[in-house]
Amino acid sequence: MHTTVGIVGGGPAGLLLARLLHRAGVDSVVLEARDRAYVERRQRAGILEQATVDALRAAGAGARLDAEGIPHDGIELRFDGQAHRIDFPSLTDGRRVWVYAQTEVVKDLIALQLADGGTLSFGAQVRAVEGVDTDRPVIRYLHEGREQTLTCDYVVGCDGFHGVARAAVPAAERTTYERTYPYSWLGVLAEAPPVYEELIYAHSDRGFALASMRSPHVSRLYLQVENGADPAAWPDERIWDELDARLALRDAPGWRLRRGPITQKSVLPMRSSVTEPMRYGRLFLAGDAAHIVPPTGAKGLNLAAADAIVLARAFARWAANGSTELLDAYSATCLRRVWRAEHFSYAMTTTLHNDPAQSGFDTRLQLSQLARIADSPHAAAELAQNYVGLPLDSPA
Ligand code: FAD
Ligand code: DHB
């Protein structure tokens, strides 16, 4: 089998890229290791930037997002027992974000890809990507018990942090910059209406908490926990009590989240990682395969979408007139934005979490920085502009 662009991985990056390529008349094949139900159920991100929403619309996947997505014009920061709202439109020339779960984005893109006759194979476990420094790279994969090969003009590794595509770049030709954090998130999904119409990011002596949502009836909630924490050590009542304690307001002692059945619980480790360059020969890396961020600030999915957008434009140019100019610029174009998001995610994470080794001095610095954001439109604008996403076409 041969295709123009072989895509390893059917997460948001791979699926969006396939749809944008289809729109540009470039054929592709997506190979996804897991089955459809697994990919559609995997609970992950929930916030979409304007550029991601625009790309989903352009890919033809905007209908349900426009009907069910919840636009948000701000977030609330809670620290020192007080609440401060950051207003996005006034600080960012009218930009906002949408609450629309990654599970739904993936469902919409898969349905479209299959309805449109686009090639997407589930249960296709890629073993290796070979010959990326030749003009006929090959993807070797296992499907329905048989070894198969797909030859391509180009290969894109969209196979996430634990994928295999990155390994096709010789070790001497790539560098990975990494940082781990001394805490994790316990993420839960609850059948309980969100108590507030916007997201709440809370700093407290007991650790970080985040109140998000999936719909008017379902809350998505996160608590900072120690690395290696066992979700079984967090019965539902303990989770609700801890959320209430971390989100407490000095002037509203009766403030409580609305409780309901918790339907999912999982612990997520936090890591920052960037592999450079994002292209080697005829292999491109996109999304988590190239970079990950800690989730504070909701950049992971949006960065994956941005890579797919930049790459789809580059392939469209190449297909139209043979120019590789944009393909050659891909890595540098994306990395500028990636490092900005890495910095933002790192800053949000380290300002809002309680490092078990931190001193009273460190805590005072965090509170001082949060107060600066609350008091200064300049500091608030810096947060808001990064949160809603920097425009794709401007340098970071
Ligand atoms: P992925 O979504 O990881 O997709 C990669 C795909 O490749 C997967 O479907 C995988 O099955 C497939 N694959 C892997 N190896 C192979 C192979 N050998 N052959 C074929 N297919 C393969 N971001 C936020 O903003 N907020 C959050 O709350 C949040 N929570 C997260 C929780 C978890 C547990 C994780 C892992 C990430 C979370 N993220 C979150 C980050 C966000 O979900 C990711 O940045 C986003 O999924 C990246 O999309 P992607 O397509 O690059 O990678
Ligand atoms: C969500 C996740 C995030 O990491 C974040 O910063 C905001 C919201 C969410 O899953 O809803």
Side-chain angles (χ1 to χ4, degrees), residues 6-18 29-36 38-49 52 70 72 75 97-103 105-106 109-110 120-129 139-143 150 156-168 184-189 194 198-201 208 210-215 218-222 264 266-271 273 285-308 338 341 344-345 348-349 352 387:
I7 300 175
V8 184
L15 292 167
L16 179 60
L17 177 63
V29 169
V30 183
L31 301 172
E32 166 56 48
R34 303 290 193 151
D35 63 39
R36 180 175 180 178
Y38 180 91
V39 173
E40 290 186 345
R41 269 203 308 267
R42 207 164 28 191
Q43 269 305 320
R44 288 185 170 179
I47 299 288
L48 307 184
E49 295 174 4
T52 306
I70 312 170
H72 277 206
I75 54 169
V97 297
W98 275 257
V99 171
Y100 191 66
Q102 182 166 334
T103 45
V105 171
V106 163
L109 289 169
I110 289 174
L120 163 60
S121 291
F122 290 103
Q125 174 83 45
V126 172
R127 305 292 206 168
V129 178
I139 303 177
R140 297 194 186 283
Y141 64 103
L142 196 62
H143 190 227
L150 174 67
V156 184
C158 298
D159 49 348
F161 185 60
H162 300 288
V164 299
R166 204 167 47 235
S184 299
W185 276 12
L186 173 69
V188 308
L189 209 55
E198 294 180 336
L199 270 61
I200 308 172
Y201 288 80
F208 171 74
L210 167 59
S212 180
M213 62 197 73
R214 287 292 174 267
S215 75
V218 176
S219 294
R220 176 77 169 150
L221 302 153
Y222 298 97
Q264 282 195 31
S266 58
V267 170
L268 332 170
M270 312 209 9
R271 187 194 294 269
S273 173
L285 299 175
D288 279 17
H291 41 72
I292 52 174
V293 289
T296 334
K299 287 290 144 222
L301 167 61
N302 292 294
L303 274 184
D307 291 350
V338 165
F344 173 69
S345 305
M348 286 285 280
T349 300
L352 287 164
Y387 196 99

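Counting from 1, the numbers follow the sequence of the chain as shown. Each ligand, and each atom within it, is numbered from 1 in the order the structure gives. This structure is a prediction, so every number in the text was calculated from the model and none was measured.
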To check your reading of the model: name the closest protein heavy atom to atom 18 (N) of ligand 1, its residue, and the distance in Å.
V126 O, 3.1 Å
If the criterion is any heavy atom closer than 4.0 Å to an atom of ligand 2, which residues make the list?
R44, A45, G46, I47, W185, L199, Y201, L210, S212, R214, R220, Y222, P295, G297, A298
Got a sec, which residues hit side-chain contact (heavy atoms from CB on, under 4.5 Å) with T349, two or more places apart in sequence or on another chain?
Y181, Y183, M270, P294, T296, H353
Evaluate the ring planes of Y387 and F344, with Trp represented by its six-membered ring, and classify them as parallel (under 30°), tilted (30 to 60°) or perpendicular (over 60°).
perpendicular
How does Y222 reach ligand 1, by side chain, by backbone, by both or by neither, if only non-hydrogen atoms under 4.0 Å count?
side chain
If we number the atoms of ligand 1 from 1 as shown, the ones under 4.0 Å from a heavy atom of G287 are 52 (O)
side-chain contact (heavy atoms from CB on, under 4.5 Å) filter on S266, not counting sequence neighbours, yields L268
Over all atoms of both residues, closest heavy-atom pair of A33 and Q125
CB-OE1, 3.7 Å
Between A308, C158, G9, A305, which one has a non-hydrogen atom sitting closest to atom 5 (C) of ligand 1?
C158
From the options S345, G297, A33, A286, select the one whose nearest heavy atom is closest to atom 21 (N) of ligand 1.
A33
What part of A13, side chain, backbone, both or neither, has a heavy atom within less than 4.0 angstrom of ligand 1?
both
For ligand 1, does A124 get within less than 4.0 Å through its side chain, its backbone, both, or neither, judged by non-hydrogen atoms?
backbone
State the atoms of ligand 1, each with its element, that fall below the 4.0 Å cut-off from a heavy-atom position in A304.
48 (C), 49 (O), 52 (O)
Looking only at protein heavy atoms, what sits closest to atom 1 (P) of ligand 1 is R44 NH1, 3.3 Å
In sequence, state the C-alpha distance, the side-chain angles, and the governing distance for R44 and T103, and then conclude on side chain to side chain contact (heavy atoms under 4.5 Å, CB included).
CA-CA 7 Å; R44 288 185 170 179; T103 45; over 6 Å; no
Where does L268 meet ligand 1, judged by heavy-atom distances below 4.0 Å: at the side chain, the backbone, both, or neither?
side chain
For S215 against I70, the heavy-atom pair lying closest together
CA-CD1, 4.1 Å
So V99 and L199, do their side chains get closer than 4.5 Å, heavy atoms only?
yes
Measuring only between side-chain heavy atoms, which start at C-beta, is F122 closer than 4.5 Å to Y38?
no
E32, any N or O under 3.5 Å of ligand 1 N or O
yes
Applying the side chain to side chain contact (heavy atoms under 4.5 Å, CB included) criterion to V29, which one of I139, L120, L150, I7 satisfies it?
L150
When you measure from the side chain of N302 to the backbone N and O of I47, does any donor-acceptor pair fall under 3.5 Å?
yes
Residue portion contacting ligand 1 (non-hydrogen atoms closer than 4.0 Å) for H162
neither
So for L31 against ligand 1, with non-hydrogen atoms under 4.0 Å, the contacting part is backbone
If I compare all heavy atoms of G14 with all of V30, which pair ends up nearest, and what's the gap?
O-CG2, 4.2 Å
Atom pair CE/NZ of M348 and K299 - distance to nearest 0.5 Å
9.0 Å
For ligand 1, which atoms, with element, lie under 4.0 Å from some heavy atom of L301?
42 (C), 45 (O)
Which of the atoms of ligand 1 are close to A298, meaning less than 4.0 Å from one of its heavy atoms?
25 (O)
Checking a contact table here: which protein heavy atom is nearest atom 27 (C) of ligand 1, and how many Å away?
A45 CA, 3.6 Å
Do R41 and Q264 make a side-chain contact, defined as non-hydrogen atoms from C-beta onward lying under 4.5 Å apart?
no
Heavy atoms of V293 and G300 approach each other most closely as CG2-N, 3.6 Å
Spatial distance of atom CG (D159) from atom CZ (R166) [nearest 0.5 Å]
7.5 Å
Heavy atom under 4.0 Å from ligand 1: found in Q102's side chain, backbone, both, or neither?
side chain
Report, in ascending order of atom number, the atoms of ligand 1 lying under 4.0 Å from any heavy atom of G300.
25 (O), 45 (O)
Taking the minimum heavy-atom distance to atom 15 (N) of ligand 1, which of V106, D159, D307 ranks first?
D159
Can you check whether P12 has an N/O within less than 3.5 Å of an N/O in ligand 1?
yes
Number the atoms of ligand 1 from 1 as they appear, then name those within less than 4.0 Å of a heavy atom of R34, with their elements.
11 (O)
Within reach of ligand 1, part of S266 (heavy-atom separation under 4.0 Å):
neither
Between Q43 and R214, the two heavy atoms sitting closest are OE1-NE, 3.8 Å
Output the distance between atom CZ (R127) and atom CZ (R140), rounded to the nearest 0.5 Å.
12.5 Å
Atom 4 (O) of ligand 1 - nearest protein heavy atom and its distance
G11 CA, 3.5 Å
Below 3.5 angstrom, do we get any N/O pair linking R42 and ligand 1?
yes
Who are the side-chain contact (heavy atoms from CB on, under 4.5 Å) partners of A45, not counting sequence neighbours?
Q102, L301
For atom 52 (O) of ligand 1, which candidate among V39, I7, D288 provides the closest heavy atom?
D288
